[in-house]
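The block underneath contains the structure these notes are about, expressed in structure tokens.
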Amino acid sequence: MPIADKDVTWVDSPKLGLFEQLYLPLIIGGLTTTLSHMVGKKRTESYPEQEPTMPANYRGVHRLNRDENGRTKCVACYMCATACPAHCIDIVAAPAPEGWKDREKYPETFVIDELRCIYCGMCEEACPVDAIELTTLYDLTGLSREQMIFDKEKLLSVFDQTTKAGTDPVRTRAGDLGPASEAPPRT
Amino acid sequence: MIAFDWLTLLIVIAGVIAVVMPTVGYLTLAERKVSAWVQDRLGPNRVGPFGLLQPLADGGKFFLKEAPIPRHVDKIFFLLAPAVSMAIALVALAVVPWGGTQPPPDPVATQGVEPAAVVQQYADTQGGYAKSFNGVIVPGLDVGVLVVFALGSLAVYGVILGGWSSDNKYSLLGSLRSSAQIISYEIPLGMSVVGVLLFSGTLNLEGIIQWQKQHGWFVLFQPLAFLLFMVSVYAECNRLPFDLPEAEQELVGGYLTEYGSLNFGMFMLGEYTHMITTSLLMTVVFWGGWSLFGLEDRVTDPIWGAVVKCLILVTKTGFFLFLYLLVRWTIPRFRFDQLMGLAWKVMIPLSLLHLLAVMLVRQYSLSNWVLTAISVGLFLAAGVYAVAFGTGPNNAPRRRVISSPSPPVGEGLGVRGS
């Protein structure tokens, strides 16, 4: 649909006065601006020497959270694997070991293909027990494709690493959601 | 005729080149650093401390890269162009002083003097001149300024050759722009210097410095001429805001499009050498060369005196080089019609009027300061003229803008339903 006449605002270029027509004062003004930036504070982060501080909601490498007893929080419900648009999460569930009273299942294996992952954070959203989280680790590298497939131990070690460094506190949403999302009470 | 000592001359040439080449290298580093600082960045800092070895790395890269020659180019001229560009830029350095200088002696009067006495007097003055220290490769050149201008405008041959032999429309457009630009800006460039020549009475650059040492710097008496000179020189050097010949956003790289590796490096070398030459020229012609209000004469030791004069000249030149870099990151590029308009409608009339004023002041032997007042007056008058009669910024659309009629509601295209 063409733009109607009444919607068009014609803007004329401003009329220049004597000060502007002399050119030089404005050029000197411009030079002062650039000169002040030259001596001003620099914004560059010298990356390898100077680590950037990531925003708290940065979506980097995944981790599997541990509970107070050091066990993985995951209850192998497959919610994350179902939510994942890239199909990069592979879980094999198994009945929970004898002593674990608070859950029926636990993940026997929990594998994330970090190369397929698109780092959208849907798994984090879907998880009912805050077991999977995305951390602020951004410098994810590997020498082969196999190295980039993270198993349960690797993901738990990411948890250990990030909590020890204090960069990523566990972002639990307990209490924010409905009762169905709460972890079953421990008996 | 000055007797040249060949060995000394060779040493001086080698010395000047040995200083200019690294200066060009560090100018490229300075360019990147200044651009970074202006944009609140740090700039290159990985090669050596503070990136100081970056020019070496760049130079090494230029040497080691493959020099691609596209199949469609005119090979001879394609390879000749960078060489022309660089050689001319280097030759122009020969007549520009870089240190303390002596003006060449006046001609010996022959009328009413014994021939033997004339010969003796000539030998004495020339001998004394030959012994004096001259911080310039070709001292006593009587056409100094003309040579610099001639070589400066020859530099465009490298650009035109490069653009034409590349057989590429972007290259050709770039070199056409360059020639048009240089033809336009040669005129105010030459005319702004004529005023200086009328006062100093010599084309010799050492003589011009001598005049300024006695009477005061030309920038005090002819600030307008200096302004015109500086702007024209920026255009000559293809520097922003006049870098239309190599405007990356419009012409890929202009005449540089097809060039790579050392060919490209030679063009760059020529360009930056030209910047150094013109900065030296601005210093020598308008800012008193190596003189600094008589302070340089306080050092009586000849060697230290030469060093101090050289340092003064280099410092002034360095300031203008820095200004080149800073202006590049301050003022955006002109449009081509604006560029031509500035030259033909503003600078050429102004330089003509200024030349007229200089002639009047010389003819009636007025004080030099009258010329300063006239310069400022002309500058202001140009502004007032632009406000009174100018059409403002030339950004209006060229053809009449016709608004398209809006269709009645409901009959419009693509409206569905009802």
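Lettering of chains follows the sequences in order, A, B, ..., and the numbering in each one begins at 1.
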| remark: Correct closest heavy-atom pair for B:Gly383 and A:Gln21 would be O-CB, 3.9 Å
| Residue pair A:Lys41, B:Asp40: steps toward the side-chain contact (heavy atoms from CB on, under 4.5 Å) verdict | CA-CA 7 Å; A:Lys41 192 172 172 291; B:Asp40 292 345; over 6 Å; no
| Considering all heavy atoms of both residues, which atom of B:Val38 and which atom of A:His37 are nearest to each other, and what is their separation? | O-CB, 3.2 Å
| message | Please classify the contact of B:Leu42 with chain A as side chain, backbone, both or neither, using a heavy-atom distance under 4.5 Å. | response | both
| query | How many angstroms lie between atom CG of B:Leu325 and atom OG1 of A:Thr34, to the nearest 0.5 angstrom? | reply | 11.5 Å
| Contact part of B:Leu227 toward chain A, heavy-atom cut-off under 4.5 Å: side chain, backbone, both or neither? | side chain
| Can you check side-chain contact (heavy atoms from CB on, under 4.5 Å) on B:Phe379 and A:Leu24, steps first, answer last? | CA-CA 10 Å; B:Phe379 181 68; A:Leu24 268 202; 3.8 Å; yes
| request: Quick one: pull up OH in B:Tyr385 and CG in A:Leu18 and give me the separation to the nearest 0.5 Å. | output: 15.0 Å
| request: Measure the shortest side-chain to side-chain distance between A:Leu31 and B:Leu326 over non-hydrogen atoms and say whether it is less than 4.5 angstrom. | output: yes
| Is the number of heavy atoms from other residues, nucleotides or ligands within 6.0 Å of CZ (B:Phe50) greater than 12? | no
| field | Heavy-atom contact with chain B under 4.5 Å, split by part of A:Glu49 | value | side chain
| Side chains of B:Arg46 and A:Ser46: closer than 4.5 Å at any heavy-atom pair? | yes
| Taking A:Leu22 as the fixed residue, which of B:Val384, B:Leu380, B:Val387 is the one that meets the side-chain contact (heavy atoms from CB on, under 4.5 Å) rule? | B:Leu380
| query | Given side chains that start at C-beta, do those of A:Lys42 and B:Trp37 come closer than 4.5 Å, heavy atoms only? | reply | yes
| message | Atom CD of residue position A:Glu45 - does it have more than 12 heavy atoms of other residues, nucleotides or ligands inside 6.0 Å? | response | yes
| remark: Rounded to the nearest 0.5 angstrom, the CD1-OG1 distance for A:Ile28 and B:Thr330 is 11.5 Å
| Take atom CZ in B:Phe336; do more than 12 heavy atoms of anything else shown fall under 6.0 Å from it? | yes
| task | Supply the atom-to-atom distance A:Tyr23 OH to B:Leu342 CG, rounded to the nearest 0.5 angstrom. | result | 6.5 Å
